[in-house]
There are 2 protein chains.
Amino acid sequence: MARKVGRRGGNIVTIHDVARHVGVSPMTVSRVINGEKNVREETRAKVMASVEALNYSPNLAARSLATQDSARIGLLYSNPSVAFLSEFLLGILSESSQSGAQLLIESCEGPEGATAALEKMKAAGCDGVILSPPLSDSTRVAKILQDMKMPFVGVAMARPDPNVSCVTIDDFKAAGAMTRRLIELGHRDIGFIKGHPNAYASQIRYDGFAAAMEKAGLKIDPGHVAQGYFTYRSGFDAAERMLSQKVRPTAIFASNDDMAAGAVASAHRLGLEVPEKLTVVGFDDTAMASSVWPELTTVRQPISDMAGLSVRLLLDQIKGHRSGRPFEAVREVRDFSLIERQSSADIGSASS
Amino acid sequence: MARKVGRRGGNIVTIHDVARHVGVSPMTVSRVINGEKNVREETRAKVMASVEALNYSPNLAARSLATQDSARIGLLYSNPSVAFLSEFLLGILSESSQSGAQLLIESCEGPEGATAALEKMKAAGCDGVILSPPLSDSTRVAKILQDMKMPFVGVAMARPDPNVSCVTIDDFKAAGAMTRRLIELGHRDIGFIKGHPNAYASQIRYDGFAAAMEKAGLKIDPGHVAQGYFTYRSGFDAAERMLSQKVRPTAIFASNDDMAAGAVASAHRLGLEVPEKLTVVGFDDTAMASSVWPELTTVRQPISDMAGLSVRLLLDQIKGHRSGRPFEAVREVRDFSLIERQSSADIGSASS
DNA sequence: CTGAAAGCGCTTACAG
DNA sequence: CTGAAAGCGCTTACAG
């Protein structure tokens with residue numbers, strides 16, 4: 001019944017089993033599964049078939065031990081929305097377990113606390129670090145890391161820096177696209193709730209909104225722009241102020257989902273149905289967006305993919321760093337997308 | 001400057017470096033870091049000091065390769081709340097990356113779809129599987145796994161089964177404790193929103209609530225008990241029905257946080273301040289609880305710890321299974337705790 | 001209480 | 001295009 005048994009039981013298919021099955025060396029099998037060039041097509045096919053038949057899949061531990069590209073990476077974050085962070089973490093964890101990287105997670109209170117956290121990581125033997133927003137936009141944190149000669153990559157950076165590697169979306173374009181969509185739905189007076197002032201993305205998102213409004217020849221009512229802090233509560237309060245004015249916007253664009261959810265709650269409290277009486281849209285497409293009701297129309301930012309990619313980028317950079325390859329910053333810009341759910345409605349183009 | 005360089009660069013402290021530093025064999029160092037008994041206290045101390053000094057920490061890949069206890073485990077889930085799932089995943093991912101386990105994640109539509117997903121896992125070489133609720137309570141799914149002779153452990157099982165390993169909290173007690181707390185705050189007419197009918201925990205939580213009410217000599221108004229489905233929307237609707245009646249409860253206990261958040265929104269819509277006019281409490285303490293405003297008083301279930309523990313239990317079980325050790329189910333019951341935030345208020349004990 | 005040998009499953013670097 | 005050898009960092013099993 002049992003196939004093969006390891007030193008202490010268990011039956012696992014190894015690269016040797018496949019090699020024997022095909023009648024080649026383990027080396028050749030290794031080449032095939034790693035997609036290397038120098039293998040005869042016929043041999044490749046036979047190996048593939050065998051891999052399939054024996055249901056072989058490589059032992060990640062052995063691989064990362066052999067390749068030596070197992071690294072220890074640190075993740076530094078500071079007070080983001082829980083929903084954002086957990087999606088972020090999911091991406092990081094799943095990629096780092098795939099790549100056999102060891103993870104060290106630290107939080108800090110803004111850029112000021114970063115030094116201590118970073119020292120700690122260095123001491124713990126981290127080979128590089130991932131920065132979550134808004135830390136990724138801090139020139140101060142970047143400087144510290146550069147002085148330490150520590151490879152790092154920023155996620156969701158809004159301020160492009162030719163010297164740092166990052167993976168982002170184009171916040172300006174994304175905010176613009178959502179704004180245009182709202183205009184298309186007939187909205188003319190659109191309120192905007194800004195994100196935390198220390199997050200650079202907040203500024204860019206507002207700029208994208210403002211630019212799209214201007215391009216459409218629409219005015220932004222200063223009373224319909226409010227400062228938020230990325231929290232539900234701040235979105236709630238901001239919307240309450242905005243909606244208690246004599247003239248109300250017909251739509252509110254919040255810079256993240258938590259604030260949008262807060263805005264919806266506030267509208268409900270004031271007896272305004274969403275989306276019948278007010279359209280509310282968010283940004284990020286975190287769990288919050290699809291957990292509340294009505295579910296939120298929002299800009300999808302593929303947070304967990306971006307986080308995963310940042311791990312791969314960092315690992316690459318660490319490899320380069322170790323082998324003395326000169327550093328070259330990469331900027332990966334992912335696509336955003338507009339997700340239309342139930343919190344937005346067409347109010348008919350009342351126009352020229 | 002550089003300490004030691006591996007085959008392709010990088011400077012990592014290995015067990016050999018520590019051994020050399022102390023003047024013992026790598027074996028001895030290994031014993032110390034694994035906390036084995038047979039080491040002279042003096043030797044142990046020296047090794048520890050050296051580990052500290054050189055900032056050594058073991059290479060997980062090498063360890064799991066050597067111990068052979070690297071396994072492939074599957075995680076099967078079906079339609080839970082996103083907030084719950086993401087905390088669950090966090091625990092699973094972080095523990096499995098620690099233990100060097102490979103993870104395969106599949107979802108299915110209820111117990112019916114489980115067979116296919118499980119076959120797939122088996123084919124992919126999974127050595128065992130983790131079941132999230134409500135799948136963990138399905139006798140049908142348990143049966144399939146047992147027939148496959150596949151080790152598995154259930155998380156958050158409400159229905160104790162002497163033949164299956166699991167990690168849970170005592171839902172009955174937890175619901176009872178929250179209920180007593182509400183009574184202590186002066187509430188007499190407490191509404192209850194049940195969870196999804198196919199989740200066994202829903203029933204148990206209600207039972208715990210009912211038992212505590214009865215023990216306190218309080219009646220449950222049948223109009224103040226509503227069926228929910230663990231979603232925000234269902235909590236919103238249930239609360240709306242409950243709060244539109246002539247007699248309203250002064251508190252609502254929802255079986256999870258998403259529904260509690262929905263209930264708060266519904267109360268707001270009806271012009272009822274929370275917690276001034278209505279206390280609302282939830283269950284689980286997921287991200288939702290602390291994301292909304294007012295933040296939710298809730299029963300904390302350490303989901304991510306529980307999920308992590310389930311991985312360790314499963315790995316243990318797989319090891320036993322491999323070595324032919326007879327199966328013995330373990331039931332780990334973790335502590336819950338009451339988290340009091342801003343959605344609950346003391347309305348004064350109106351009574352003897 | 002301590003150590004020398006062998007092996008975990010894979011890959012790199014070197015030959016052919 | 002393919003393979004034999006050696007090594008990644010750790011632990012098990014066996015001696016002493």
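Remember, it's a predicted structure, so these values are computed and weren't measured experimentally. Every chain is numbered from 1, with letters handed out A, B, ... down the list of sequences.
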| request: For DNA chain C, just give me the dot-bracket, please: Watson-Crick or G-U, both distances below 3.5 Å, ( ) intra-strand, [ ] crossing earlier pairs, | paired with another strand, . unpaired. | output: |||.||||||||.|||
| remark: So CG of B:L65 and CG of B:L60: to nearest 0.5 Å the spacing works out to 12.0 Å
| How many angstroms lie between OH in B:Y77 and CD1 in B:I92, if you round to the nearest 0.5 Å? | 12.5 Å
| query | Who are the side-chain contact (heavy atoms from CB on, under 4.5 Å) partners of A:T168, not counting sequence neighbours? | reply | A:M157, A:C166, A:R331, A:V333
| task | List in chain and number order the residues that pass side-chain contact (heavy atoms from CB on, under 4.5 Å) with B:Q301, two or more places apart in sequence or in another chain; answer none if no residue qualifies. | result | B:F84, B:A156, B:I169, B:R205, B:F283, B:D284, B:I303, B:M306
| Nearest-angstrom distance from the residue atom CZ of A:R63 to P of C:dC8 | 18 Å
| Quick one: A:L65 CG to D:dG7 C1', roughly how many Å, whole number? | 9 Å
| field | All salt bridge (charged side-chain N to carboxylate O under 4.0 Å, His left out) counterparts of B:E41, not counting sequence neighbours | value | B:R44
Distances for protein N/O vs nucleotides 3-5 of chain D N/O pairs under 3.5 angstrom?
{"unit_1": "D:dG3", "atom_1": "OP2", "unit_2": "A:S25", "atom_2": "N", "d": "3.0"}
{"unit_1": "D:dG3", "atom_1": "OP2", "unit_2": "A:S25", "atom_2": "OG", "d": "3.1"}
{"unit_1": "D:dG3", "atom_1": "OP2", "unit_2": "A:T28", "atom_2": "OG1", "d": "2.6"}
{"unit_1": "D:dG3", "atom_1": "N7", "unit_2": "A:R31", "atom_2": "NH1", "d": "3.2"}
{"unit_1": "D:dG3", "atom_1": "O6", "unit_2": "A:R31", "atom_2": "NH2", "d": "2.4"}

| remark: Taken to the nearest whole Å, NZ/B:K319 to P/D:dT12 is 7 Å
| request: Round to a whole Å and report the spacing from CG of B:L60 to P of D:dC10. | output: 10 Å
| Going by heavy atoms closer than 4.0 Å, what residues in residues 32-43 of chain A are next to DNA chain D? | A:N38, A:V39, A:R40, A:T43
| request: List for me each residue that meets side-chain hydrogen bond (donor to acceptor under 3.5 Å, both in side chains) alongside A:S94, sequence neighbours excluded, and say none if there are none. | output: none
| note | Those residues at least two apart in sequence (or on a different chain) that pass side-chain hydrogen bond (donor to acceptor under 3.5 Å, both in side chains) with B:E106 are B:K120
| task | Could you list the residues that satisfy side-chain hydrogen bond (donor to acceptor under 3.5 Å, both in side chains) with B:S310, not counting sequence neighbours? | result | none
| In whole Å, what is the span from the CD1 atom of B:I15 to the C1' atom of D:dC10? | 6 Å
| query | With respect to the phosphate group of C:dT11, does any side-chain polar atom (N or O) of A:S30 fall under 4.0 Å of OP1 or OP2? | reply | yes
Without placing hydrogens or testing angles, list every side-chain donor-acceptor pair under 3.5 Å for residues 22-37 of chain A, not counting sequence neighbours.
{"unit_1": "A:S25", "atom_1": "OG", "unit_2": "A:M27", "atom_2": "N", "d": "3.3"}
{"unit_1": "A:S25", "atom_1": "OG", "unit_2": "A:T28", "atom_2": "N", "d": "3.3"}
{"unit_1": "A:S25", "atom_1": "OG", "unit_2": "A:T28", "atom_2": "OG1", "d": "3.4"}
{"unit_1": "A:S30", "atom_1": "OG", "unit_2": "A:N34", "atom_2": "ND2", "d": "3.4"}
{"unit_1": "A:N34", "atom_1": "OD1", "unit_2": "A:R63", "atom_2": "NH1", "d": "2.8"}
{"unit_1": "A:N34", "atom_1": "ND2", "unit_2": "A:S30", "atom_2": "O", "d": "2.8"}

| field | Partners passing side-chain hydrogen bond (donor to acceptor under 3.5 Å, both in side chains) against A:E109 (at least two apart in sequence or in another chain) | value | none
Identify all side-chain donor-acceptor contacts of residues 140-152 of chain B below 3.5 Å with residues at least two apart in sequence or on another chain.
{"unit_1": "B:K143", "atom_1": "NZ", "unit_2": "B:D147", "atom_2": "OD1", "d": "3.3"}
{"unit_1": "B:K143", "atom_1": "NZ", "unit_2": "B:D147", "atom_2": "OD2", "d": "2.9"}

| said: In this structure, how many angstroms lie between the P atom of C:dC8 and the NE2 atom of A:H16, rounded? | reply: 9 Å
